[in-house]
Each structure stands twice: as C-alpha cells, then as structure tokens.
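In what follows, a structure is listed as structure tokens, so that the remarks can point back to it.
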Amino acid sequence: MAVGSRAFEAAGLGPTGRLARVHEWWEQEHVFGYGLILPALLLLACLVAYPFGMAIYFSLSDYWVGSPGAFVGLANYREILGNEVFRQTVQNSFVFTAIALTFKTVLGVWLALLLARNLRFKRLLRGAVLLPWVIPTALSTLGWWWMFDSLYSVVNWTALRLGLMSPPGPNWLGQAGYAMAAVIAVNVWRGLPFFAITVLAGLVSIPREYYEAAEVDGAGSWGRFRHVTLPLLKPVLAVVILFSTIFTFSDFNIVYVLTRGGPVNSTHLFATLAYQVGLNGGNLGQGAAISLFLFPMLAAVVFMQLRYIRKE
Amino acid sequence: MASAASRGARWRSAAFGYANLVPFIFFALFPFYFMLVTSLKSNAELYNLKAVPFWIQTGLITDHYRYLFERTDFLTWMRNSLIISVVATGISLVLAILAGYSLARLRFRGVGAFGTAVFITYLVPPTLLFLPLSQVVVWLGISDTIWALIVTYPTFLVPFSTWLLMGYFRTVPREIEECALVDGASRMQTLLRIVLPMAVPGIVCAALFGFTLTWNEFIYALTFVSQTTAKTAVVGVTSDLIRGDIYYWGSLMAGAVLASVPVVICYVFFLDYYVSGLTAGAVKG
Amino acid sequence: MRARSRREFLRVASGATAGMASWLALGRAPAFAQKRELTFLSWNHFVPKSDDELRKQAEAFGKQAGVTVRVDTIAHLQLDAKFAAEAQSQSGHDMIRTHGAVPFVYENALADVGDLVDKLGKQYGGWYPFAAEIGQTGSGWRAVPWFWISFPATYNQAHFKKAGLETPRTWAELLKHGKILKKQGNPVGIPISHCSDTHSTYWSVAWSYGAKVLEADGKTPAINSDKTAEVVEWYKELFKEAMEPEVLSWDDASNNRFILSGKGSWIHNPISPYNAALANKQPIADDINHHNSPAGPAGTHSGPPILGLAIWKFSKNVELAKEFIQFLYRKENFDAWIVASNAFNHPPLRHFADHPIWARNPKFAMLPKEAEFAHARGWPGKPNDAVGRVESNYVLADMVAKAVGGMPTKRAMEWAQDQVARAVKGQLKA
C-alpha cells in the first residue's frame with residue numbers, strides 16, 4: 001500500500017515545465033472527472049443518443065422502412081391510441097409486468113433466504129438456481145415452446161398422467177388466460193435467478209449481530225424477517241425491482257417465440273407490437289411511436305426511484 | 001440433552017431448507033433437462049405421441065450433435081461468440097471503470113445528471129433502435145463483421161457496469177485514496193493501483209454480467225451480421241436450424257445446450273465473486 | 001528519462017494502433033483481394049435440398065461470370081428484420097428473396113426489374129398473372145416472381161378409409177366429414193392463430209365463398225359483408241365440431257406435426273409434411289396424400305404464398321444480379337431446382353409448368369391444377385402494402401379467433417373492418 005511519491009517521480013511524472021502544467025490541469029478534480037466519463041459518454045452519444053434521436057424522429061414522421069417520410073407531429077401517437085390493439089397491448093404490458101414482478105419479488109426473496117442458509121453443496125445449489133438466467137433466452141424459450149406445444153406438451157402429459165387435469169388439458173398458447181400465464185411463467189423462470197442471487201448478496205451483507213440482538217429481544221423468525229431483514233434489504237430490493245421492471249417491460253423474445261402476440265393479441269407487449277407494426281408491416285413511424293410510448297413515464301419512474309435509492 | 005435438542009432443531013431446519021429448495025431447483029433445471037433429453041432423442045421417438053417425454057426409450061443418439069458439428073458452422077459461431085463477448089465486455093469494463101469512478105468519487109458540476117443520463121440510456125428500447133444503429137455500423141465500415149457487434153454491445157453494457165461499479169467504488173474508504181494523493185500519487189495512479197484492486201469483486205461481477213448479456217444478445221447479432229462465418233452461436237443456431245414448417249428440434253436443442261456451456265462455466269468459477277460483487281454494488285448503489 | 005518514456009509511449013501507442021488497424025483490416029482484407037462478390041439473402045428453404053441445389057447453381061454461375069456468389073439463408077421469420085436494417089442502412093446484400101408484400105413495402109428501395117420480367121416472360125410462355133402481380137407496383141416491377149407454393153389439402157388416407165369417407169370436394173363437405181373424423185379421434189386442422197398458414201387458408205376459404213377483404217380498387221375495406229359472415233360461421237362450426245382448440249395456438253409448423261403425428265386427418269398446407277416424412281423415412285409417408293383445395297359456392301380459389309427475387313437499389317451489382325437471375329431461370333437450372341425441392345417449388349412461368357415430376361408421383365399429379373385457381377393476396381384487387389399489413393397484423397386470424405371465442409360474428413367483422421381501414425390509411429406514398 002505504501003506507494004510513495006518518489007516511486008511516482010521515478011516513473012517520470014514529476015511536475016516540471018509545460019508537461020507539469022498539463023499535469024496540474026489534469027489533476028484538478030473536475031477536469032479529471034470529466035475526462036474519465038468522456039469515453040463512455042462519447043460512446044453513448046454516438047451509439048445510443050443518435051439512434052435514439054432518430055427513433056424519436058421516426059415516431060413523429062410517416063417514415064417507412066426504406067423510404068424517409070415527412071414530419072407529421074403526433075399523428076402516429078394519435079393513431080395508435082385510437083387502435084384497440086394498442087390499448088390492449090398497454091393493458092397486457094401492465095398485467096404482465098405486475099404479475100411477473102410480484103412473483104419474482106416474493107419468490108426471489110424466499111429463494112434467497114433459503115440459499116442463505118448454511119447448506120451443503122451451497123455452490124452447486126446456487127449455480128443450479130442461476131442456470132435459467134445464464135442460458136441464452138432466444139434458445140431456452142424455444143425449449144419452453146416445445147414444452148407448451150399443443151400436441152407434445154410435457155406439462156399436459158404429466159398433469160394428465162397424474163390425474164390433475166381432464167384431457168386434453170389446457171391449450172397453453174391458444175387461450176388468452178393460459179397464454180398469458182405461460183408467458184409470465186417463462187419470464188419468472190428466467191428472471192428469478194437474478195432476483196434471488198442479488199437479494200442473496202444483500203442478505204449476506206447483513207451483519208449477524210442484528211439478528212442476535214433481535215433474538216435477544218425475543219423476536220421469532222417472522223419478526224426477525226420483518227424487523228431486521230426486510231428493512232435492511234430495502235435498498236437492494238429497490239435496485240433489483242428497478243432493473244427487473246425495465247427488463248420485464250421491454251421483454252421481446254419470450255412473447256415473440258411463444259405466441260407472437262396471439263391469441264388475438266392477448267399477449268402482445270410493447271416490443272412485440274412495435275416489431276410487428278414497424279418491421280413486419282413496414283410502418284416504421286407507428287412502430288417507433290409504440291415502442292417509445294412509455295419512455296417518458298418509465299424515465300420519470302426511474303428518475304424518482306434513483307433519487308430514492310441515492311437517499312437511502 | 002440440550003445438545004440433542006439443538007441437533008434435532010438444526011436437522012429439522014436443514015431438512016426444511018432442502019425441502020423448500022426442491023421445487024425451485026426443479027423449476028430451474030427441468031427445462032434444461034428437457035432440452036438435453038430432446039437433443040439426445042431420435043426423431044421417431046420425438047414425434048411419437050405415445051412416447052414418454054421425460055426420458056429416452058429407444059436408445060440415446062448423438063446424431064443431432066453430429067449434425068450440428070458436421071453440417072453447420074457451429075464451432076465457428078462459438079468462437080465468434082467467445083471473441084465478441086470477451087472483447088466487448090473488456091472494452092465496456094474499461095469505460096465503466098473510468099466513468100464509474102468519476103461518478104462515484106469525484107465532485108464536479110453535473111455529476112448527478114451524468115449519472116442519471118448514463119442510467120436512462122438503459123431504458124431505451126432496442127426493438128427499433130437497431131435500425132438507426134445499423135446505419136451507424138455501416139458508416140463505421142464494420143457491417144457484416146464481428147466488429148459490428150464488438151462496437152455496439154458496449155452500448156448496453158456500459159450503463160449497467162458503470163452503475164454497478166459506482167456502488168462498489170463508494171465502498172472503498174476515502175481515507176486510503178486521500179493518503180495516496182497526499183503521498184503525491186496522481187489521480188490516475190490512485191485509481192489504478194489503490195482503488196481498482198479493492199474493487200475486484202465488483203469488476204468480476206460486472207464482467208460476468210456483461211459476458212452473459214453479450215453472449216445472449218439476439219437482435220443486433222441477427223441484423224448486423226449476415227455471413228454464416230461471422231454469426232454468433234445464438235443467431236447461428238436459431239437462423240440456420242429453424243426451417244419454416246419443419247423444426248430440427250433435436251439439433252436446435254443440442255445447439256441450445258452447447259451454447260450455454262461457456263457461460264455456465266464462467267459462473268461456476270466466479271459465482272462467489274458475483275455474489276459478493278453484487279452485494280457492494282447493489283447495496284450501496 | 002521523461003522524454004524517453006514519452007517517446008516510448010508514442011512508439012507503443014502507434015504500434016498498437018497500427019497493429020489494431022492491420023488486424024481489423026485483416027478481417028476485411030478478403031473483400032478487397034477477392035474478385036467481385038454477389039450476395040443473395042434468402043430463407044432456409046422448407047425442403048433443405050432445394051437450397052443445396054441453389055448454392056450449386058450459384059457456384060456454377062460464379063465460375064462462369066468470374067465472380068463469387070454468396071447465398072446467405074436464414075429462418076423465414078427473421079427476414080423482415082434483416083430487410084428493414086438493410087434498407088435503412090443502404091447496405092447489405094445485393095439480392096433478396098421477397099414474400100408477401102415486401103416488393104410493395106420496399107417499393108422505393110428496390111431496383112426496377114421490368115426488363116427482366118418482360119424478357120423471361122417472352123422466353124418461357126408467359127407468367128401466370130396471379131404470380132406476376134406480386135412484383136408489379138404502381139411505379140414498376142420490383143420483383144421477379146420466383147416460385148409459388150401450392151396450398152392443396154394434405155390428408156391421411158388411412159383415417160379417411162377407416163371412416164369410409166371420400167376426400168372433400170367443398171369446404172362444406174370438409175365440415176361434414178370433419179365431424180365424423182373428429183369422433184373417430186382424427187380431427188382436421190386449420191390454424192386460427194398468428195402464423196402465415198392462417199392467412200393462406202383464410203384467403204382460400206373466403207374467396208370460395210365470394211368474400212373479399214378489400215374491393216377491387218385495393219383500398220376500400222370490404223371485409224364486413226354477408227359473405228364473410230358465412231365464412232366466419234363455417235369456421236366457427238368447423239372449430240367446434242371438427243377441430244381441437246389447439247389450432248388457436250398453432251405456428252406454421254404445428255399442422256405439419258399434427259398430420260405427421262398420425263393424429264390429424266386433414267390439413268390445408270403445402271406438401272412439406274409429406275416430403276419431410278419421405279426424407280426421414282417415416283412410415284406415415286405412405287398414408288399421406290394430397291388433393292386439390294376444396295371449392296365453395298363461388299368456385300374454387302386458392303391463395304398460395306408467392307415468392308419473388310428482388311435487387312436493392314443501393315446494390316453496386318444490379319446488372320450482375322440480373323444476369324444471375326436469368327441464369328437461375330434457365331430451363332435446365334429451374335427444372336433441377338424443382339426436382340431438388342421434390343415438387344415443392346412451383347414455377348410462375350407457363351413453360352416450366354409441364355415438368356415430369358408432377359406426373360412421376362401420383363401424389364403430386366394434381367398439383368399443377370392448383371395454378372388454375374390461384375390468386376395473389378388482395379384479389380380481386382391487386383396486391384399492395386396495405387394487404388401486407390392486414391396480414392402482418394393478423395387481422396384475418398384475429399377476426400376468426402374472436403368469433404370462435406364467442407364474439408358475435410357481426411362485431412368481429414366490424415372490428416376487422418376497422419383494422420383493415422387502418423391498414424389502408426397508413427399506405428405508403430411511393
């Protein structure tokens with residue numbers, strides 16, 4: 001740790017001459033600060049801000065794939081708002097996100113509590129739980145699709161053999177309610193590990209003494225959870241929920257592979273509808289409007305959540 | 001007497017723990033197991049309605065894997081994925097370390113706004129972003145090469161990694177840094193030699209996260225690259241093995257299983273870092 | 001010391017940059033060093049051997065023209081994203097394989113191929129009008145019709161025999177037979193879901209009942225009609241009494257699995273399941289046979305998928321691509337390609353249509369007849385991008401699915417009428 005100034009001088013960075021002035025300038029806190037974020041900012045400006053700006057422009061014009069259009073103001077937004085399919089998509093997205101997120105939060109905390117115990121094969125268990133998060137979604141969803149197949153569904157096969165359902169069993173991807181359940185199940189399957197492991201990380205960092213103190217006060221395991229674990233987990237939970245909200249809202253792959261928005265648009269999310277309208281249908285302006293529709297709101301929510309997290 | 005009771009209680013508690021974990025483990029692993037079984041089944045059994053889906057009755061076959069290796073460029077795709085993931089993650093980490101340190105530790109005007117701005121970029125939906133981005137890729141003259149992906153992947157890695165590392169850098173005691181600065185170390189040296197070594201778990205965590213995201217990325221990989229020899233594993237498997245109204249389920253699942261292996265290996269090695277990295281990053285985020 | 005280290009740094013830095021640059025260049029060097037390259041983005045053909053033949057011909061053309069021809073094939077559902085990115089960035093492949101309304105959606109981005117269409121048409125006895133229409137936009141030809149995929153009935157002979165039934169000649173008869181077959185445990189299957197087979201069948205049935213989606217002008221919504229009501233009622237009854245609810249979740253591959261599993265008795269689909277069964281040596285191939293698409297009160301009509309070849313305007317190889325297309329249409333090449341697809345690819349040119357392959361296998365004998373009652377999507381109007389949008393937004397599938405799910409037919413049709421009007425409203429200005 002004892003890296004003396006002499007060592008640095010020896011490295012040839014002693015303060016003399018013009019170089020010294022540059023050095024001094026560079027050593028100012030704000031200059032150094034700006035300097036360090038500059039590369040990241042440049043990258044984001046060129047590769048996110050520019051395309052994002054373009055996407056906003058798309059949404060305000062009658063832009064078609066392959067043929068630029070003219071500025072039309074908010075016409076695209078008006079048009080999509082007037083369309084029943086879009087309104088249903090908004091509803092789907094909220095239902096999907098709310099239910100999936102609830103499951104992920106509750107099950108995630110529960111799973112984290114289980115994993116935090118001192119168990120044998122701890123690493124193995126944690127690794128196993130993490131697997132769904134790790135496998136490429138584009139591929140694992142195909143596996144799920146095969147599992148929900150109308151003819152070869154392993155879910156129905158099992159349930160029928162166990163006598164849990166009457167034949168032919170639910171038509172997973174063909175009935176509105178079941179299709180939504182299936183899509184949510186896959187989303188939970190994929191997102192749960194991220195939740196559990198992150199919360200686990202939060203749990204590990206809670207000092208043991210807190211629990212011991214609570215135990216002395218006569219708190220049962222529920223009391224310990226409510227009065228020690230949960231309050232201390234709040235910041236972690238806030239971050240995970242924040243990230244998970246973003247992931248879940250913008251989900252594309254699961255719906256695209258499993259139902260392509262069907263049956264009768266009952267599982268369409270913003271991303272899949274935008275893809276359908278903008279790319280398959282060629283109406284880039286409307287597609288962009290659909291995918292950007294929630295951005296201001298989401299940004300506001302995130303902004304507030306970030307402030308809350310910072311304060312904590 | 002007391003010890004027997006407490007041993008009993010401990011045993012009960014352990015049993016409780018395992019018993020409750022079973023459904024989770026099953027839920028997590030079953031699809032993977034199912035994919036594995038499918039990849040080793042003969043087509044005849046796969047499409048037999050009377051067959052038992054859970055295991056293989058008519059003998060395990062490796063044809064689907066052989067198809068993958070002999071009839072497709074699977075190994076090339078894996079190599080591409082590996083190169084792209086490692087390089088893109090590396091670039092992103094460098095950028096994120098610099099930005100994260102600056103945003104977490106240095107005081108200058110607009111630091112909060114920058115922090116939020118970096119994060120907000122994470123919200124931009126990629127569904128249509130890839131269209132204008134494909135234009136940028138062409139301007140840079142790197143379309144249809146793996147560089148198109150190496151350059152664009154940091155766009156979604158940098159915000160997250162920066163965010164995670166910011167939290168981590170905040171946990172490094174300020175005094176240590178100040179000591180180094182008083183000793184005459186430059187700011188960059190302080191960052192590289194003092195702060196960075198203490199942030200290794202956070203960096204590993206960000207790296208792991210980045211590696212996973214890049215390895216799994218789909219839409220950019222699909223649209224920016226067309227020649228088979230430059231495809232990534234995920235795109236290669238889905239675009240070459242899905243043939244309209246006939247699915248090659250066996251080899252598709254074989255590809256899915258194999259393409260997951262590198263990421264799984266990474267996690268096996270670095271899981272503990274991941275957990276401890278997230279701890280600091282997320283808690284202090 | 002300081003100076004030296006700075007020099008050192010510069011040396012290392014410039015060395016690294018140069019190294020990086022040369023590495024970068026290395027990855028791209030072949031493009032400069034090689035001869036001219038023609039690139040073609042196509043789909044993964046449903047019959048893989050067809051792509052093998054295509055690549056073989058591409059290589060032969062390359063040798064002859066002194067260029068390299070690269071054929072990239074990807075899953076058909078991924079094509080739209082690729083097309084959009086290529087049109088947007090004005091770079092990518094030289095040629096693409098079009099489907100549905102792609103030539104219309106990309107009207108401004110595709111090169112004119114009118115000369116080629118004329119020439120090939122004259123050379124080979126003329127185009128089938130239904131096939132030709134898919135490339136003819138308001139401002140000229142944007143695609144050369146490549147092939148169409150007949151949409152006959154595929155059925156399981158054994159199941160029909162067991163029930164003592166003949167093959168259905170009309171959709172009404174299919175309904176009648178279907179009820180019996182379902183009781184026997186072998187339902188029929190027509191998808192009512194977000195997949196492209198749903199469109200193909202809907203158009204066929206609707207036209208057979210005299211129903212339309214748009215008027216002949218191609219822009220007046222006409223789906224809300226008594227004729228459509230008949231079609232929807234037919235679907236409702238078929239769904240309830242001759243099919244399983246699973247058809248609501250089907251994708252393009254599901255009906256193939258349905259018939260290949262031995263459960264299904266009848267599907268409306270190209271011949272790919274039969275070909276797949278042959279290729280995989282599945283015994284069910286013997287039981288599978290085909291018959292012509294059924295008729296309705298307004299005659300027999302069919303809406304097969306029709307695919308085309310198009311060249312991007314931004315391509316630097318437009319002329320070369322045209323030469324390549326001509327090469328593919330040489331009699332011997334086109335014939336070989338039909339053979340490779342085992343009768344899956346149907347020629348849009350009349351002279352290619354009498355091909356021995358149709359006669360060789362009795363199960364294919366009826367296929368050429370399908371050309372007599374085929375139309376491009378949107379008929380009686382001409383195809384256009386609005387028709388494409390009606391399909392890509394799954395309006396037809398959803399209308400039927402809503403009615404099947406309990407919504408009154410009238411309301412389902414009104415909903416569809418509104419959606420069709422929206423699709424027209426957003427029409428592209430060429």
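Values in this document were obtained by computation on a predicted structure and should not be read as measured data. Residue numbers start from 1 in every chain, and the chains themselves are labelled A, B, ... in the order their sequence lines are given, proteins ahead of strands.
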Ranked by heavy-atom pairs below 4.5 Å to chain A, first place among Asp418(C), Leu248(C), Val390(C), Val400(C) goes to Leu248(C)
Heaviest contributor of heavy-atom pairs below 4.5 Å to chain A, chosen from Gly405(C), Ser261(C), Ala401(C), Cys195(C), is Ser261(C)
What part of [X] is in contact with chain A, defined as an atom under 4.5 angstrom from a non-hydrogen atom: side chain, backbone, both or neither?
X         : value
Lys313(C) : neither
Gln419(C) : side chain
Trp312(C) : neither
Leu77(C)  : both
Ser193(C) : neither

Across all chains, not counting sequence neighbours, the ring-ring contact (aromatic ring centres under 6.0 Å, His included) partners of Trp144(A) are Phe148(A), Trp189(A)
From the list Leu279(A), Asn280(A), Val264(A), the residue making the most non-hydrogen contacts under 4.5 Å with chain C is Val264(A)
One option among Leu284(A), Val277(A), Asp149(A), Asn265(A) has the most heavy-atom pairs under 4.5 Å with chain C, and it is Asn265(A)
Counting only non-hydrogen atoms closer than 4.5 Å, does [X] touch chain C with its backbone (N, CA, C, O), its side chain (CB onward), both, or neither?
X         : result
Leu258(A) : neither
Trp145(A) : side chain
Tyr178(A) : neither

Less than 6.0 angstrom separating the ring centers of [X] and [Y], yes or no?
X         : Y         : answer
Phe295(A) : Phe52(A)  : yes
Phe71(A)  : Tyr63(A)  : no
Tyr256(A) : Phe252(A) : yes

Does some side-chain heavy atom of [Y] sit less than 4.5 Å from a side-chain heavy atom of [X]?
X         : Y         : result
Met243(C) : Ile192(C) : yes
Trp43(C)  : Ile74(C)  : no
Val155(A) : Ser153(A) : yes
Tyr394(C) : Met399(C) : no

Filtered by a 4.5 Å non-hydrogen cutoff, the part of residues 78-90 of chain A contacting chain C is Glu79(A), Gly82(A), Asn83(A), Glu84(A), Val85(A)
- Message: Check this for me: does any side-chain nitrogen of one of Arg260(A) and Asp251(C) sit under 4.0 Å from a carboxylate oxygen of the other?
- Response: no
* Hey, is Arg257(C) close enough to Glu246(C) for a salt bridge, meaning N to O under 4.0 Å? -> no
Hits for salt bridge (Lys or Arg N to Asp or Glu O under 4.0 Å) against Asp94(C), two or more places apart or cross-chain, chain-then-number order -> none
side-chain contact (heavy atoms from CB on, under 4.5 Å) filter on Asn186(C), not counting sequence neighbours, yields His159(C), Gln184(C), Ser265(C)
